[in-house]
Amino acid sequence: MTTLFSSSEMDDEERRAHLYAGDVFVYPATPSSTELIGFARELIEDAFGGLDPETAQFEMPVEGFAALLADLKPRFIHHPQCKKLLPMVIEEIGCSLEHTYFDVPRLRTSTSHDYLTSGISYAFHPHRDCWYSAPFNQINWWMPIYPVVPENVMTFHTRYFGRPVANGSARYDYAEWNRTSRHTAARHVHGDTREQPKPEEEIELDPQLRVVPEAGGFMLFSGAQLHSTVPNTSGRTRFSIDFRTVNIDDVRARRGATNVDAACTGTTLRDFARCADLTPMPEELARAYEAEALARVGRDPDAVTS
């Protein structure tokens, strides 16, 4: 059973336990999240010039739209303002800045009616982030920049939280993805040939849970949740922000969601920095997680390299 908590006043330790058990939390816009989406809108609207970003897809060739996103998205991801605002958002719902680590925020787009669904605007099939080398204590945060509707959000396939799915994660290694595939997204306009973990059995899409936060509102869910991009039929391009957090006490203690079917290697832990001062995740923890991933699939942990 998945429980949806709205505007919960639960403390972070109890909330994380619920998240690791498959529950979902949604919060209204806060002062810092409002500032974050305002900053994102400035960048987006400047990039699109006089066009309405939500309907610009109907006035631009798809190649031009993809090229625009290829410039816009990295500028948002790596902007110093994001590193300033994200810890503020995280603190506003009771997370410890000393113990919480975050990765860079992604600017996501979901275009309407299959205009652009690959590469730089990838429409995600049902997947768990844990298939992509995420730690099982990863918490995902998702926030719309403009108002959204059920026809252009993301969805959870809740029956699968504790149920294994045959998938291709055994062929995925995070270090190899970074080396060969991550930076080629903008080239994949009419199709995406990059190897990514996908279900290898038919997924029953229903029952599903679609959450529709207000612009600047956000939801939290476990990286072990099976979720996907809703086929956008809204007539408007959806713009959203997502990022991830881990609590370092849980990383050290191996507290998190149960691994029911992930067989990938590598770890994303090096992507995380401490909210308080941007100190990187300790290298020894990343190495330990890499070794455990290799041992889990029967490979020699001594083969781990930096």
Side-chain angles (χ1 to χ4, degrees), residues 5-12 15-16 19 24-48 53-54 68-110 120-121 129 134 137-148 153-154 211-223 237-248 250-251 268-281:
F5 290 89
S6 176
S7 303
S8 172
E9 296 183 0
M10 195 180 297
D11 69 41
D12 185 48
R15 178 175 57 215
R16 296 196 315 275
L19 288 161
V24 177
F25 288 73
V26 62
Y27 293 90
T30 64
S32 296
S33 71
T34 300
E35 187 174 354
L36 178 62
I37 65 163
F39 171 67
R41 287 180 181 182
E42 288 178 11
L43 290 184
I44 293 166
E45 289 160 16
D46 179 67
F48 280 93
E54 295 182 274
L68 185 152
L69 295 182
D71 175 70
L72 169 63
K73 290 188 174 187
R75 281 197 290 119
F76 174 81
I77 288 171
H78 301 294
H79 200 287
Q81 187 71 352
C82 291
K83 290 184 175 68
K84 171 188 172 184
L85 291 174
L86 282 188
M88 295 167 63
V89 174
I90 291 165
E91 185 177 35
E92 282 174 332
I93 64 162
C95 297
S96 163
L97 297 186
E98 290 293 330
H99 295 267
T100 305
Y101 286 60
F102 71 102
D103 70 352
V104 296
R106 276 77 170 180
L107 176 62
R108 305 287 192 186
T109 49
S110 173
I120 198 73
S121 189
D129 283 20
N137 34 49
Q138 177 177 292
I139 305 301
N140 293 5
W141 301 55
W142 189 90
M143 177 189 306
I145 296 170
Y146 299 98
V148 289
V153 290
M154 52 160 287
V211 180
V212 185
E214 64 180 328
F218 49 94
M219 61 180 171
L220 278 64
F221 59 96
S222 168
T237 296
R238 182 254 290 164
F239 290 83
S240 59
I241 296 166
D242 64 68
F243 60 96
R244 299 150 189 82
T245 58
V246 293
N247 181 283
I248 196 166
D250 291 350
V251 172
T268 62
L269 277 176
R270 291 185 183 86
D271 294 347
F272 291 84
R274 186 163 59 189
C275 289
D277 55 11
L278 303 183
T279 297
M281 178 65 62

Shortest non-hydrogen separation from Pro147 to Glu54 and the atoms involved
O-OE2, 4.1 Å
Donor-acceptor pairs under 3.5 Å, side chain of residues 36-46 to any protein atom, not counting sequence neighbours: which ones?
residue	atom	partner	partner atom	Å
Arg41	NE	Ile145	O	2.9
Arg41	NH2	Ile145	O	2.8
Glu45	OE2	Tyr146	OH	2.8

Taking all non-hydrogen atoms of both residues into account, name the closest pair between Ile77 and Pro105 and its distance.
CG1-O, 3.1 Å
Quick check: closest heavy atoms across Val212 and Val148, and the distance to 0.1 Å?
CG1-O, 3.3 Å
Rounded to the nearest 0.5 Å, how far apart are OG of Ser96 and CG of Asn247?
7.0 Å
Is any side-chain heavy atom of Arg108 less than 4.5 Å from a side-chain heavy atom of Trp142?
no
Leu278 side chain near Phe102 side chain, heavy-atom distance below 4.5 Å:
yes
Test item: Asp250 side-chain N/O and Asn137 main-chain N/O as donor-acceptor pair under 3.5 Å
no
With the side chain counted from C-beta on, respond yes when Met281 and Val246 share a heavy-atom pair under 4.5 Å apart, and no when they do not.
yes
Side chains of Ser240 and Arg238: do they bring a donor and an acceptor to under 3.5 Å?
yes
Considering all heavy atoms of both residues, which atom of Met143 and which atom of Gly217 are nearest to each other, and what is their separation?
CG-O, 3.3 Å
By ring pair (Phe, Tyr, Trp, His ring centres under 6.0 Å) - contacts of Phe76 (at least two apart):
none
Name all pairs fulfilling the side chain to side chain donor-acceptor pair (under 3.5 Å) condition that reach into residues 78-89, sequence neighbours left out, sorted by first residue then second.
none
How are the rings of Phe25 and Phe5 set relative to one another: parallel (under 30°), tilted (30 to 60°) or perpendicular (over 60°)?
parallel
Measure from the side-chain N and O atoms of Asp103 to the backbone N and O of Arg244, and report whether any donor-acceptor pair falls under 3.5 Å.
yes
Contact summary for Cys82 and Pro87, nearest pair of heavy atoms:
O-CD, 4.3 Å
I'd like to check the side-chain hydrogen bond (donor to acceptor under 3.5 Å, both in side chains) partners of Glu92; sequence neighbours left out, ordered by chain and number.
Thr30, Ser32
Do Leu220 and Arg15 touch side chain to side chain, with heavy atoms closer than 4.5 Å?
yes
Residue pair Thr268 / Asp129, side-chain heavy-atom distance below 4.5 Å
no
Please identify each residue that fulfils ring pair (Phe, Tyr, Trp, His ring centres under 6.0 Å) with Tyr101, with sequence neighbours left out.
none
For the student: nearest non-hydrogen atoms of Thr100 and Cys95, plus distance:
OG1-CB, 3.6 Å
Got Glu35 and Val89 here, is their nearest side-chain heavy-atom distance under 4.5 Å?
no
With rounding to the nearest 0.5 angstrom, report the OG1 to CG distance, Thr109 to Leu69.
4.5 Å
When rounded to the nearest 0.5 angstrom, what is the spacing between CD1 in Ile93 and CD in Glu91?
11.0 Å
Using ring pair (Phe, Tyr, Trp, His ring centres under 6.0 Å) as the criterion, list what pairs up with Phe218, not counting sequence neighbours.
Tyr27, Trp141
